[in-house]
Amino acid sequence: MRYLQLLAHSFPTIPRVTTEIINLEAILHLPKPTEHFMADLHGEDEAFHHVLRNASGNIKRKVNELFDNTLRESAKKDLCTLIYYPEERLEIARREEIDLDDYYQTVLNQLITVCRNVSSKYTRSKVRKCLPSEYSYIIEELLHESSEDHNKQAYFNVIIKTIIDTHRADHFIICLSYLIQRLAIDRLHILGDIYDRGPGAHLIMDTLCDYHHLDIQWGNHDILWMGAAAGNLCCVAGVLRLSLRYANTRTLEEGYGINMVPLATFAMETYGNDPCTLFLPHTEASMQGDDEKERRLISQMHKAIAILQFKLEGQLYHQHPEWQMDDRALLEHLHLDKGTITIDGTDYPLLDTNFPTIDPNDPYALTPAENDLIHRLQHSFVINERLKRHVDMLLHRGGMYGIYNSNLLFHASVPMTEDGQLREVNVAGQRCKGRALLDCVERQVRMAFDNEENKQSRQAACDYFWYLWCGADSPLFDKSKMATFERYFIADKSVHTEKRGAYYLLREGAAVCDLLLDEFGVSGPHRHIINGHVPVRVGKGENPIKADGRLMVIDGGFARAYHDTTGIAGYTLVFHSRGFQLVQHEPFSSTEEAILNGTDIRSTTQIVELTGHRMMVADTDIGRDIATQISDLKKLLKAYRKGIIKEKN
């Protein structure tokens with residue numbers, strides 16, 4: 001009764017209740033809106049934004065269907081480019097010697113046709129909420145009045161003509177284009193690793209902060225940046241090391257305004273006579289002229305921050321014996337007089353023995369200059385307003401996993417034993433596994449940013465970010481070790497091996513996937529696990545669809561650094577009312593090329609799974625929530641009619 005009385009405040013009369021029931025029942029019978037799943041964007045902002053603008057090729061497909069027999073290929077290409085990049089394309093049109101009024105008349109009619117098509121899955125109410133306020137009434141009239149109706153044709157044409165005559169055509173076209181982009185994708189799922197490798201993670205994050213319907217599953221690279229923002233010194237060093245390794249400091253410097261001058265000064269003073277050849281960046285840039293000087297400075301900075309990272313992580317491993325990572329504190333096993341290091345009882349020669357900042361008697365101690373440097377860098381991360389806004393978004397709209405419409409989403413792994421059972425892991429003194437483990441990890445991450453927690457708990461949670469980055473039982477890593485030091489300094493590749501956890505070996509089995517889906521309470525006749533993290537080697541014949549269709553791995557290598565590994569340039573998994581399609585993208589040239597020449601990402605589509613019937617809203621999580629609302633409203637209606645609750649004027 002208390003609940004129904006509260007509900008009555010929103011629906012105070014029988015007509016209000018019945019109208020809402022009718023509306024909700026109608027929504028249940030609309031086609032299921034389209035969801036897009038993407039993973040491992042790794043800072044490739046131009047490719048990501050283009051895929052988002054073209055809805056993974058869906059807008060191009062609709063344009064081809066709608067204008068197949070009425071437009072030439074060049075005209076369809078121009079229309080698509082206008083939808084993707086309206087401001088830039090209109091600027092080009094204004095420079096061309098064409099009749100602008102005729103151009104506006106044509107493209108406005110075309111855009112309204114496309115917009116009417118992409119809005120057809122939604123209620124008028126939902127479309128209305130997406131409309132730009134200044135044109136809401138006009139667009140709604142154009143979308144719902146057919147120009148083929150002779151009685152309405154003059155009305156329709158006058159609206160178009162008036163938009164042109166009042167010099168609002170450009171702005172109206174821009175608004176229509178962005179409305180089409182928005183309606184083409186109802187919900188976007190990002191399965192982690194937005195950061196590192198590519199140059200524009202900050203630009204991707206800006207877009208996601210304002211995206212209309214989004215969820216994020218944290219990846220290991222996202223966690224590294226979140227740890228840096230929380231003040232974890234190891235994470236600060238790790239972020240800088242990775243950025244310098246790929247000669248990519250745009251996100252750091254341009255995106256977040258991190259001052260790299262102190263690191264550059266320290267590196268030149270400490271390693272001025274060191275060629276640092278082991279630390280040359282992974283870049284295609286030429287080594288001639290000024291580039292060679294720049295690469296040498298980057299290499300010196302790279303070495304300086306790497307040594308600093310090894311010191312800081314060694315301190316953490318000794319502070320947290322519960323992590324069981326003392327074997328990864330390697331600096332104490334250096335023999336600088338011999339030029340070797342002992343690992344697992346074996347001595348290996350070092351490729352570089354110039355360690356001027358390491359004290360053999362206290363190898364993890366920071367020099368005064370190192371201590372000053374890392375705390376200055378830490379301060380830059382912690383106080384950064386743009387980074388704080390981005391991390392707040394990751395906390396607000398993200399988590400360790402998500403369950404949507406019978407799909408279980410997580411970035412990397414759920415730790416398992418070799419015999420296919422869930423593995424118990426110690427998190428902050430609590431042993432847990434499976435879903436409880438991921439929940440516990442998520443609580444630790446959030447605790448690091450919770451000002452209500454005591455200082456000691458917050459510091460422990462802050463330290464834990466580093467374990468999530470490279471700990472053997474971390475669900476975001478799940479390998480035997482992160483062999484960073486070995487890869488830099490030891491030629492013997494046998495010590496470079498990072499043995500993957502059991503999950504990666506077992507997940508191709510249908511029974512293991514069913515066990516995990518049951519563990520997370522995922523139900524439905526068509527249920528799936530969707531992962532990123534491990535690039536799919538498409539060029540070598542690897543199939544992203546595994547375990548008889550129960551598992552989909554959608555890391556197709558958005559980052560240019562992975563193109564040679566995967567043979568492609570990323571995936572988008574599209575889930576619409578007919579089923580699943582996997583869109584495989586070829587490398588993207590550039591935004592400039594796309595605007596000037598209408599060059600689109602070449603994509604191929606693989607049908608993953610088709611349902612026997614078209615899915616409706618009633619078949620989705622939202623549909624089940626609506627069905628519950630309808631049931632509650634019917635109880636309220638009954639209470640009104642029996643006089644148990646009185647209607648209000």
Side-chain angles (χ1 to χ4, degrees), residues 26 30-31 33 53-55 58-186 212 595 598 600:
L30 285 170
R53 288 169 184 267
N54 75 6
N58 192 41
I59 290 175
K60 182 178 181 180
R61 180 179 62 81
K62 287 186 178 294
V63 166
N64 286 333
E65 289 174 356
L66 291 168
F67 303 103
D68 186 34
N69 299 317
T70 57
L71 291 181
R72 295 177 179 176
E73 286 301 316
S74 58
K76 287 187 284 188
K77 184 171 72 172
D78 288 344
L79 177 58
C80 286
T81 305
L82 176 66
I83 294 171
Y84 307 157
Y85 303 100
E87 295 97 336
E88 295 85 351
R89 198 62 191 160
L90 285 169
E91 181 63 33
I92 292 171
R94 286 192 292 271
R95 293 200 301 264
E96 295 173 347
E97 295 182 3
I98 58 173
D99 184 334
L100 275 180
D101 283 2
D102 184 59
Y103 173 77
Y104 289 144
Q105 179 87 28
T106 301
V107 299
L108 280 168
N109 278 282
Q110 291 169 345
L111 289 172
I112 290 161
T113 300
V114 177
C115 195
R116 188 178 293 135
N117 182 277
V118 297
S119 66
S120 62
K121 282 189 175 183
Y122 307 110
T123 63
R124 287 193 183 193
S125 173
K126 183 164 182 174
V127 173
R128 190 179 300 122
K129 291 173 184 175
C130 300
L131 299 178
S133 57
E134 57 193 304
Y135 299 123
S136 177
Y137 172 77
I138 299 171
I139 294 176
E140 196 166 4
E141 287 292 291
L142 292 172
L143 291 182
H144 300 293
E145 297 296 346
S146 173
S147 60
E148 296 174 3
D149 183 340
H150 294 294
N151 296 323
K152 290 286 187 177
Q153 193 167 15
Y155 172 74
F156 187 96
N157 290 338
V158 165
I159 291 175
I160 299 293
K161 185 176 185 302
T162 306
I163 291 169
I164 297 169
D165 290 346
T166 55
H167 305 289
R168 298 297 288 168
D170 278 18
H171 194 234
F172 196 79
I173 287 168
I174 291 167
C175 289
L176 269 181
S177 298
Y178 284 122
L179 178 61
I180 291 167
Q181 290 180 29
R182 175 167 181 168
L183 294 174
I185 302 174
D186 182 64
H212 57 276
I595 294 165
D600 209 340

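For the atom pair Arg182 CZ and Ile185 CD1, the distance stands at 12.0 Å (nearest 0.5 Å). In this structure, Leu142 CG and Cys115 SG are separated by 9.5 Å, a value rounded to the nearest 0.5 Å. Summarising the geometry, atom CD1 belonging to Ile83 is positioned 11.0 Å from atom CD1 belonging to Ile173; distances are rounded to the nearest 0.5 Å. In this structure, Leu90 CG and Ser177 OG are separated by 7.5 Å, a value rounded to the nearest 0.5 Å.
Contact between Leu100 and Ala93 at its shortest, heavy atoms only, is CD2-O, 4.1 Å. Shown here for Ile163 and Thr166, the closest heavy-atom pair between the two residues is O-OG1, 3.2 Å.
With salt bridges taken as basic N to acidic carboxylate O contacts below 4.0 Å, none links Lys62 and Glu65. Of the charged side-chain nitrogens involved, at least one lies within less than 4.0 Å of a carboxylate oxygen, so that Arg95 and Glu91 count as a salt-bridged pair.
Identified under the salt bridge (Lys or Arg N to Asp or Glu O under 4.0 Å) test for residues 80-89, with sequence neighbours left out: Asp78-Arg89. Counting only residues at least two apart or in different chains, ring-ring contact (aromatic ring centres under 6.0 Å, His included) contacts with residues 100-119 are absent.
Applying the side-chain contact (heavy atoms from CB on, under 4.5 Å) test between Lys161 and each of Asp165, Ile159, Ile164 identifies Asp165 as the sole match. Gln110 pairs in a side-chain contact (heavy atoms from CB on, under 4.5 Å) with only one of the listed residues (Leu176, Leu71, Leu82), which is Leu71.
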Name the atoms and distances for all side-chain donor-acceptor pairs under 3.5 Å in residues 126-137, with sequence neighbours left out.
residue	atom	partner	partner atom	Å
Lys126	NZ	Asp186	OD1	2.8
Arg128	NE	Glu140	OE1	3.3
Arg128	NE	Glu140	OE2	3.1
Arg128	NH2	Glu140	OE2	2.8
Glu134	OE1	Arg168	NH2	3.2
Tyr135	OH	Arg168	NE	3.1
Tyr135	OH	Arg168	NH2	2.9
Tyr135	OH	His171	ND1	2.9

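Residues satisfying the side chain to side chain contact (heavy atoms under 4.5 Å, CB included) test with Asp99, not counting sequence neighbours, are Asp101, Asp102. Scanning for side chain to side chain contact (heavy atoms under 4.5 Å, CB included) contacts around Ala184 gives Ala55, Ile59, with sequence neighbours left out. Remark: Lys121 engages Thr34 in a side chain to side chain donor-acceptor pair (under 3.5 Å) (not counting sequence neighbours). Residues that satisfy the salt bridge (charged side-chain N to carboxylate O under 4.0 Å, His left out) test with Arg72, not counting sequence neighbours, are absent from this structure. Remark: Glu96 pairs with no residue by the salt bridge (charged side-chain N to carboxylate O under 4.0 Å, His left out) rule, at least two apart or across chains. A search for side chain to side chain contact (heavy atoms under 4.5 Å, CB included) contacts involving Thr70 returns Phe67, not counting sequence neighbours. Leu66 pairs by the side chain to side chain contact (heavy atoms under 4.5 Å, CB included) definition with Thr113, Val114, Asn117, not counting sequence neighbours.
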*Any chance you could lay out the side-chain contact (heavy atoms from CB on, under 4.5 Å) test for Cys80 and Asn54, step after step, and finish with the verdict?*
CA-CA 8 Å; Cys80 286; Asn54 75 6; over 6 Å; no

*Does the side-chain contact (heavy atoms from CB on, under 4.5 Å) test come out yes or no for Ile112 and Ile160, once each step is laid out?*
CA-CA 10 Å; Ile112 290 161; Ile160 299 293; 3.4 Å; yes

*Verify side-chain contact (heavy atoms from CB on, under 4.5 Å) between Asn58 and Arg61, making sure each step is shown before the conclusion.*
CA-CA 5 Å; Asn58 192 41; Arg61 180 179 62 81; 2.4 Å; yes

*Under the side-chain contact (heavy atoms from CB on, under 4.5 Å) rule, what do Lys77 and Val63 come out as? Steps first, then yes or no, please.*
CA-CA 9 Å; Lys77 184 171 72 172; Val63 166; over 6 Å; no

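Remark: the backbone N or O of Leu183 is not paired with any side-chain donor or acceptor of His212 at under 3.5 angstrom.
The shortest side-chain heavy-atom distance between Ile595 and Tyr84 does not fall under the 4.5 Å cut-off.
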